[in-house]
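Written below as structure tokens is the structure these notes are about.
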Amino acid sequence: MRASHQECRFPDEKGRAVQRKRLPRIAAALAALLLTAACGGDKQPTVAAPKGDRVFITFGGLPPEELKGKGADFVAAYKAKFGSTPEGYAIYGYVAAQVAIDALRRTGRADREALRVAVSETEQIDGPLGSWRFTTDGDTTLTTMSGNTVRDGKFAFVTVLGGGAAAGSGARAKTDLATIGDPAAPKTGPVKFVSSLPLTGSASAQSGTIVNGIRLALEETGGKIGDFSVAYESWDDASAKKGDWDPEVEAQNADRAAKDPSIHFYLGTYNSGAAKIAMPILNQANLVMISPANTYTGLTKPGLGEPNEPAVYRPTGKVNYHRVVPADDIQGKVGAEWMKAMGAKRVYVLDDRGLYGKGIADVFVATAEELGLTVVGREGTDPKAQEYRSLMTKIKTANPDFVYFGGTTQTNAGQISKDMVAVGLDAKLMLPDGCFEQAFISAAGL
Amino acid sequence: MLTLAQQLWIGLTNGMVFALIALGYTMVYGILELINFAHGDLFMLASFLALTLVGLLGLATASGPVVVVGLLGVVLACAIFAALINRTVDRVVYRPLRNAPKLAPLVSAIGVSFVFQNLGLFWGGLPLDVMGGGLAAAAPKSFPDLIPSTNLLGDGAAFRITAKDLVVIGSSLCVMVALWLFVTRSRLGKAMRATAQNPLAARLMGIDVDRVISATFLIGGALAGFAAVIYGLYVNTIKFQDGYQNGLYAFTAAVLGGIGNIPGAVVGGLVIGIVRALSDQYIGAQWQQAVVFGMLIALLVFRPQGLLGANVREKV
Amino acid sequence: MSPALRRHAPLVLVALLVLYPLLPFLDWAVTAIFGVRLQLDRQIINVMIFAILALALNLQVGYAGLLQLGIAAFFAIGAYTTGILTVDKYPFQLGFAGALLCAPVVAGLFGLLLGAPTIRLRGDYLAIVTLGFGEMTRVVILNLENITDGPRGLNPIPEPVLPDWLRDGLDRFLPADRIDLAAIHWIVLAALVGLLILMKNLERSRAGRALVALREDELVSGCMGIDPARTKLTAFAGGAAIAGLAGALYATNLRTTAEPNTYDFSYSIMVLCCLIIGGLGSLRGVVLGALVLLSFDNLVSPLLTRALQEQLGHDSTSVFANFANWRWLIFGGALILMMRFRPGGLWPARKREVDPATKADA
């Protein structure tokens with residue numbers, strides 16, 4: 001099905017062989033329509049991707065197939081347990097849980113302050129994602145990104161992007177964990193992990209795979225970490241009345257976790273907007289928060305978001321928020337560099353007007369201009385729009401050789417990819433990691 | 001200039017789809033004065049059926065004639081499916097509320113819309129190939145490109161007309177003309193118009209009003225089913241939230257044209273399609289909704305009965 | 001229930017709510033009984049804010065009979081007015097009290113602005129105008145980044161603080177987080193109770209009866225000397241202002257305006273559903289509706305999801321294995337059944353009380 005599908009997508013290539021006059025051509029097409037309206041009608045022998053690769057996706061870290069060592073073990077274990085290939089984000093759920101487990105092992109006490117310090121001093125050597133630690137702002141030092149494309153209905157790895165040390169990545173002094181916090185904190189008993197992710201609505205596939213990743217990590221401990229018994233609850237931060245993550249519910253989840261003394265790790269959120277709400281609440285409770293998916297820069301990096309960020313999320317001044325994914329400043333930048341390396345000159349930048357999409361597009365534009373790419377247009381899209389033919393027609397007149405879309409599968413990246421073809425816009429498309437999921441490929445019909 | 005023409009063409013094609021959905025709204029409104037909120041979601045369910053059938057029949061890889069026959073079958077199946085569901089919902093949900101205050105059926109319709117949306121979400125989670133294996137239930141689903149989108153004017157031509165556009169416009173026009181003939185010429189159509197004008201008088205004249213209402217729901221549903229297939233073929237993506245946005249625009253189209261007025265719904269649909277396209281070109285894609293609704297409000301302030309709403313007495 | 005108890009029940013309830021922040025053991029008791037933390041403290045505030053919003057819509061739909069499908073717009077305007085007037089990005093920094101006064105005024109002005117030209121439109125046309133306005137407002141807020149910070153939302157919005165003497169007094173026997181809670185809890189409660197009293201009086205006043213008369217029969221009431229357009233417009237703007245107040249409280253409670261997409265069409269529809277479930281035009285009903293709706297969303301649904309997860313356990317990616325994904329089905333079904341079997345809502349308005357009064361007035 002997919003092979004012939006692709007032929008339909010690029011029909012203009014093969015049309016060239018037959019040069020007919022226009023009017024008879026319309027008439028012939030109309031007549032042919034009634035009989036042989038489908039692409040099946042003018043089937044050609046399989047030509048793999050006639051135009052070469054057209055869609056490029058950046059992703060923080062390597063795609064599941066490219067993972068080596070423990071990463072590959074994770075993929076195998078995930079497949080064995082859940083019967084499906086993990087989506088890109090699953091491994092971050094897994095690693096986030098590992099970080100928490102490791103911190104609990106090292107501390108040996110269920111004390112929030114000690115655990116916070118232990119998490120911030122995490123150092124994974126040859127873990128599933130390679131070797132990395134947290135910066136003093138709670139960011140991962142991993143800056144390795146991958147550039148991927150889509151071939152034969154699957155993501156295909158193209159190149160490693162970025163890499164190198166992140167700011168503030170120098171080794172950190174280790175604190176003696178025994179001296180921190182309440183020495184009388186319990187050393188046995190139940191310890192609860194919770195995650196707060198949007199399980200309803202459009203992002204549920206991504207968050208589901210993250211939950212699976214967390215489950216896998218916790219089950220590998222056999223339910224016991226030291227003398228602690230592990231419990232895990234997966235909370236939903238979406239509501240029926242919003243159909244997506246709901247600020248009220250996220251605030252409520254954070255508050256519930258903050259006030260429940262048996263909860264020691266808050267794994268979440270998925271949406272950076274939700275993190276903005278949960279962070280100050282959890283910070284005041286000194287509860288560790290590890291996000292497997294937030295990439296908005298302002299959450300951790302001073303000077304890259306609003307002037308009052310990230311201080312505004314840390315009312316106590318302590319850093320309790322950590323994320324295991326590289327943030328948008330890295331991704332937007334390597335995206336622009338990759339595009340430049342592929343020989344692009346003119347780029348049209350779109351975003352979905354979301355916190356994530358717009359943030360990453362902003363970084364992309366800044367880097368692209370630095371690198372000497374011409375940004376021929378910058379616009380927002382309506383993620384609920386049915387289709388984008390008009391917009392693509394407009395973009396066509398600007399004649400870019402690349403379109404960058406800051407957005408996700410859910411905000412219609414698939415449709416954008418399709419409508420570029422539908423209006424005959426002969427440009428390539430680059431997308432950020434929000435589209436790095438099988439669902440994007442099926443949505444785009446690639 | 002060419003760009004303008006191109007945008008008008010795109011707008012016209014899109015507008016046809018809105019018009020088809022708007023017809024369902026306007027017909028039901030004409031008879032029952034009910035804003036059938038579930039109509040957009042009925043359309044969405046039909047589009048899921050269409051995709052399922054296309055997948056089961058293997059049309060994506062079939063040869064030309066098979067696709068044509070297959071598509072006709074899919075259109076028929078979707079139209080019947082949507083028509084029957086629409087009528088059943090009317091029977092079970094709306095009919096007991098005929099004498100209730102106006103808000104009651106409206107709220108029921110909202111309820112039905114929720115139920116449909118949820119069913120659409122589940123449908124997307126079925127383990128079918130066309131649903132992406134059902135792994136990501138909520139994700140958009142790709143509808144195979146069964147009609148070529150080759151430019152009929154030649155590859156390098158500055159203006160773009162595709163076979164797909166012509167199929168959308170041509171088939172929609174046929175359906176609209178057929179509907180118009182049915183409403184103005186047939187016995188049942190006349191009964192519909194009579195009921196719309198005055199249900200009580202119509203009943204006194206011996207018209208079986210319940211039957212007329214059932215017929216209206218059947219026809220409105222069939223139009224939604226037809227529109228769903230056309231939409232799938234044209235846009236090539238369906239989502240379980242599609243009912244919301246399309247319903248909103250179609251409902252706006254119906255009001256714009258003068259709700260209850262059949263030609264009005266078509267005109268309204270086309271206007272919305274065109275305004276959308278022009279706003280994307282000249283104002284900016286992120287303002288699309290604001291422009292569409294702003295125009296609607298402005299229009300209603302100056303022409304409260306809608307574009308074609310003057311002939312209230314002929315509404316259906 | 002004896003009549004005396006019935007008469008005093010609301011007072012008892014309000015007294016309980018006033019005392020609630022001072023009684024932390026209530027939460028412990030609830031936790032002990034249900035075995036899970038229900039977070040009553042947050043729930044109560046959320047329900048009260050939602051109830052205020054629902055009362056705003058009730059004024060427009062329930063009393064005046066104006067089908068309004070864009071209440072979220074005024075809610076958003078209230079929230080963003082609060083944001084603009086309080087965050088440190090702007091020079092105003094009026095603080096909580098100033099914002100609370102300004103938000104309803106601004107939202108009310110927008111209500112007037114929208115209502116003045118459109119209030120004469122027939123019912124369903126007005127519905128679509130308000131719907132369109134709701135979506136427009138959301139898009140405009142989202143796109144006017146220089147003012148609203150676009151998708152980031154405005155934050156942090158300052159928390160209300162209690163006067164020092166009260167704070168010091170409470171400090172002796174309450175934990176700190178409980179005192180912060182008390183401030184917002186009491187303010188929201190005061191707004192809600194004040195509004196309920198206002199509405200109760202409105203029901204019995206000349207203006208309120210004029211509204212109801214208009215809703216029932218515009219022609220007749222016009223003949224009785226009621227100016228339909230003016231009366232409707234007042235109700236519309238009033239409702240908008242109250243929604244603005246709810247928005248101000250919402251943003252203050254969350255300490256951010258959240259994303260503009262929070263205030264979309266589905267939110268408006270939910271508020272309408274809340275009215276319908278509780279009882280259109282019935283004050284008690286509206287409050288009950290807010291309670292039922294939010295409890296379903298925030299309490300029952302997470303509990304059931306947890307139960308389902310424990311039963312089914314493993315694969316979280318299946319769409320069926322998550323109770324959260326059944327919510328629309330249940331909610332939609334409930335709406336349909338309500339309309340069929342209990343169209344007046346769970347706690348309908350008592351018609352009899354109104355009718356003789358209206359007659360006497362006429």
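Labels below follow one simple rule: chain letters A, B, ... track the order of the sequence lines, proteins then strands, and each chain is numbered from 1.
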Could you check which of B:Tyr231, B:Tyr234, B:Trp287 has the highest count of heavy-atom pairs closer than 4.5 Å to chain A? B:Tyr234
If I compare all heavy atoms of A:Thr393 with all of B:Ile10, which pair ends up nearest, and what's the gap? OG1-CD1, 3.1 Å
Partner of A:Glu387 by side-chain hydrogen bond (donor to acceptor under 3.5 Å, both in side chains), out of B:Thr13, B:Asn236, B:Asn14: B:Asn14
Region of B:Phe114 in contact with chain A, defined by heavy-atom distances below 4.5 Å: neither
Determine yes or no for a side-chain-to-main-chain donor-acceptor pair under 3.5 angstrom, with B:Gln286 supplying the side chain and A:Thr381 the backbone. no
Polar side-chain atom of A:Gln415 near backbone of B:Val235 as donor-acceptor pair, under 3.5 Å: yes
Here the gap from B:Arg160 atom CZ to A:Leu425 atom CG, rounded to the nearest 0.5 Å, amounts to 10.0 Å
Drop me the distance from A:Leu446's CG to B:Ser142's OG, to the nearest 0.5 angstrom. 8.0 Å
Working note: A:Lys384 + B:Gln241, criterion side chain to side chain contact (heavy atoms under 4.5 Å, CB included); need CA distance, chi angles, decisive distance, verdict. CA-CA 8 Å; A:Lys384 287 181 186 159; B:Gln241 306 104 318; over 6 Å; no
Is B:Gln7 in contact with chain A via its backbone, its side chain, both, or neither, using a 4.5 Å heavy-atom distance? side chain
Please rank B:Ala277, B:Ala158, B:Gly70 by heavy-atom pairs under 4.5 Å with chain A and give me the top one. B:Ala277
Which atoms of A:Arg389 come close to chain B, meaning under 4.5 Å heavy atom to heavy atom: side chain ones, backbone ones, both, or neither? both
Under 4.5 Å from any heavy atom of chain B, what part of A:Asn412 do you find: side chain, backbone, both or neither? side chain
Checking B:Gln281 against chain A: side chain, backbone, both or neither under 4.5 Å from a heavy atom? both
Taking every heavy atom of A:Ala385 against every heavy atom of B:Gln288, the minimum-distance pair comes out as CB-OE1, 4.2 Å
Quick one: do the A:Lys418 and B:Thr237 side chains pair a donor with an acceptor below 3.5 Å? yes
Using 0.5 Å steps for rounding, measure from the CD atom of B:Gln6 to the OG atom of A:Ser390. 9.0 Å
Contact part of A:Thr397 toward chain B, heavy-atom cut-off under 4.5 Å: side chain, backbone, both or neither? side chain
Distance-minimising heavy-atom pair for A:Ala439 and B:Ala139: CB-CB, 3.6 Å
Validation row: B:Pro140, A:Gln410 side chains within 4.5 angstrom (heavy atoms): yes
Can a side-chain donor-acceptor contact be found between B:Asn246 and A:Gln386 if the only test is distance below 3.5 angstrom? yes
